[in-house]
Every structure is written in structure tokens, then in C-alpha cells.
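Working notes, beginning with the structure itself.
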Amino acid sequence: MCEEKKIFNIEDVDRNLVVSTTVTEPDLVWYNVRKDPFAVHGLLYDEEMGHFLRIPQSVADTVSEGVAGGLNRQTAGGRVRFKTNSRFIAIHAVMVNTKPMSHMPLTGQSGFDLYHTVEGREIYYKTFVPRRGMTEGYDSGHAVDGALCDYTINFPLYDNVKELYVGLKKDALIEAAAPYRYTTPIVYYGNSVTQGGCASRPGNSYQAILSRRLSADHINLGYSGSGKGEPQFAEYIATLPMSVFVMDYDHNAPTPEALLETHEPFYRIVREKNPTLPIVMISSSGVLLKPYLSRRRDIIRETYQHVLAAGDKNVYFVDGAEIFEGVDWDACTVDGSHPNDLGFFRYADCLEKYLRPLLS
């Protein structure tokens with residue numbers, strides 16, 4: 001008879017890897033982040049559906065099955081900002097948890113992370129680490145230093161959030177956070193990389209990094225496998241207040257021919273209603289590892305050159321080959337396509353060179 005072997009559990013030998021399943025801190029008051037003085041950025045709220053959304057569901061229903069069916073409820077780019085001197089900050093997240101992905105940490109897919117402002121800079125503080133196997137959300141909390149400062153909590157990149165409550169000590173002050181320096185958002189449209197796959201936590205997506213560096217609000221309209229340059233999406237984006245528009249959907253177009261058919265028309269729909277808006281076009285960063293993607297890059301470059309020659313002086317092209325370039329460029333993804341944290345850091349470095357002067 002074989003002896004049954006006990007499954008090894010790393011938490012039994014390393015207590016630093018234990019994830020708390022309850023918040024036991026006394027004297028907490030719970031606040032719904034949809035109410036003042038909290039400010040939610042990058043998301044809408046649909047009262048009828050009882051969900052945070054990235055675009056109105058009526059628009060999502062016209063775009064694609066993927067966007068309408070679930071991706072629109074995934075909260076990439078969402079943030080809540082507030083000011084407090086609480087000595088403890090907790091969250092109670094009411095969620096619909098999607099199936100864990102094999103190549104992305106649960107902390108990025110389903111987690112929230114916390115930043116505090118120190119001398120004018122947003123600095124990472126802690127991650128509200130989710131539990132394995134959860135299906136309806138989780139609670140988590142951390143002691144903080146109690147200094148009065150602004151906080152930002154980033155929403156999950158790939159889970160659906162119905163409600164978020166923040167728990168603060170009952171004697172704590174709570175006020176509105178200072179506004180971003182650039183309050184008109186940068187709007188990013190694109191694919192799974194744009195959505196944040198596969199950052200280890202939400203604050204490491206490239207848009208979140210840039211938002212902190214530039215003190216700029218943003219909206220993340222990256223939809224995994226489903227940002228294909230549909231005209232309906234361009235028509236919606238064209239109505240948004242934007243400081244800059246970033247087109248990053250290269251690899252979601254199913255073929256180079258589909259990219260050719262959609263890329264310049266998508267640009268033109270947005271440009272028609274926004275004649276002075278800076279528009280940045282990005283080709284896939286995967287071209288370094290996959291040279292066959294160069295045809296796609298050429299199509300995007302041709303759009304850029306064509307509209308530039310036609311007189312548009314406020315359009316910019318980012319060659320995907322320059323995003324990861326440098327030492328260890330091949331260490332920037334988890335699977336040859338989706339960036340890891342190093343990859344997202346290099347995305348931010350590359351795009352900052354374009355966005356900072358455009359905002360200024």
C-alpha cells in the first residue's frame with residue numbers, strides 16, 4: 001500500500017507568503033468609493049448592471065462579443081484617490097473573479113495595489129493580495145504610517161468589480177486628493193498589452209507608470225484579443241475629452257490586411273472630431289522577437305507618413321522595435337508577446353519621451 005504524500009505548502013515554512021483572509025483591525029469605518037470625497041478615475045458605473053465599466057454598455061454591445069460579453073467589466077486603468085491620515089487602510093471588494101491565467105500573477109489579474117504621495121510623487125506602498133480560489137471578491141488591509149497624504153488604489157487589470165469599499169480608522173480625517181496636474185485624460189486604445197497583460201500588479205501597467213510620472217489622468221481602453229479597430233469604437237473615442245490619444249491595437253487586427261483596412265480609417269474618425277488632438281500610433285513591441293510582424297509595423301508607419309504628408313502636424317509614430325531595445329531586451333516578456341514588469345517599465349520609458357512634451 002502506497003503512503004499518501006502531503007502536498008507541500010510554502011506558507012507552512014515562510015510566513016511572509018501567508019495571505020490574510022480577514023481584516024480584524026478594530027474601529028474601522030467603511031466607505032463606498034463612489035461617494036465623495038473619494039474620486040474614481042478611468043471607470044464608469046452602471047447602476048442597472050451594478051458594475052464598474054470602462055465604456056457604456058450600450059457602446060460595448062455594438063463593438064464585439066468579447067468587449068460586450070465580459071472585457072468591458074474588467075477594470076484595467078481604474079483608480080480611486082483620496083487623502084487621509086488613517087493608520088490603517090483596508091478594502092472590501094465585491095467582485096466576479098475570472099478564471100486565473102497561467103502566465104499572469106493573481107496580484108495583477110485580480111489584485112488592488114496602494115500608492116501614497118511623498119514629496120509630490122506617488123510611491124508604491126503595499127498590495128492588497130487576493131486569495132487563491134476566490135469567486136466573489138476579498139478583504140485585505142495594511143497598517144500605514146498615519147501621515148496625512150494622498151493615496152491611490154489601483155483596480156484589478158482583469159477582474160470585474162461590482163463595488164469597492166475602503167476601511168479607515170474611525171478617528172481619521174478623510175478629504176479629496178489633490179487633482180492631477182493634467183486632468184484631461186490620456187486615452188489608450190488597444191490590445192491585451194494595453195489592458196495590462198501580464199503585469200504583476202495593476203500599478204505596473206505602463207499607463208499607470210506614466211500617470212504617476214506625468215501626474216496625468218488616463219483611460220485604459222485596451223481589450224484583450226478584442227481591440228480590432230472597429231469604426232464604432234473610433235466613433236465613441238472621438239467623443240471623449242482627451243489630452244492625447246494613443247492607438248496601440250496593432251496585434252489585435254487578425255491579419256495585416258485587416259490592419260490595413262482599419263488603421264487609417266480609425267485615425268480619421270477620431271481626427272475629424274478632434275482636429276488639434278495629438279495622436280500617437282504604436283506598432284507591436286513583439287517585432288524584435290517576431291520579425292514577421294514587420295509588415296504590420298510598415299502599415300502603421302504608412303498611415304503615419306500618409307497623414308503627415310497630407311498636413312497633419314500633430315501625429316506621431318512609435319516603432320515597436322524601440323520599446324524593448326537595449327540590454328536584455330529579450331527579458332521583457334513572459335511569453336514572447338505580453339510584457340513582464342521590466343517590459344512595462346520600458347514601455348513607459350519609451351512613451352514618456354513622446355507624451356511629456358505633448359502635455360507640456
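Given the structure is predicted, the values throughout are model-derived calculations rather than measurements. By convention here, the first residue in the shown sequence is residue 1.
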### Message
Which residue is it: Tyr206, Tyr347, Trp329? I am looking for the one with a ring-ring contact (aromatic ring centres under 6.0 Å, His included) to Phe324.
### Response
Tyr347

### Task
Could you walk me through whether Tyr31 and Phe82 pass ring-ring contact (aromatic ring centres under 6.0 Å, His included), step by step?
CA-CA 11 Å; Tyr31 300 89; Phe82 57 97; 9.0 Å; no

Considering only NZ, NE, NH1 and NH2 on the basic side and carboxylate oxygens on the acidic side, decide whether [X] and [Y] come within less than 4.0 Å.
X: Lys228; Y: Glu65; value: no
X: Arg87; Y: Glu25; value: no
X: Lys273; Y: Glu235; value: no
X: Arg81; Y: Asp150; value: no
X: Asp349; Y: Arg346; value: no
X: Arg297; Y: Asp250; value: no

### Task
Could you tell me how the ring of Tyr125 sits relative to the ring of His116: parallel (under 30°), tilted (30 to 60°) or perpendicular (over 60°)?
perpendicular

[Y] backbone acceptor or donor facing [X] side chain under 3.5 Å:
X: Arg54; Y: Asn220; value: yes
X: Gln109; Y: Asn97; value: no
X: Ser211; Y: Ala216; value: yes

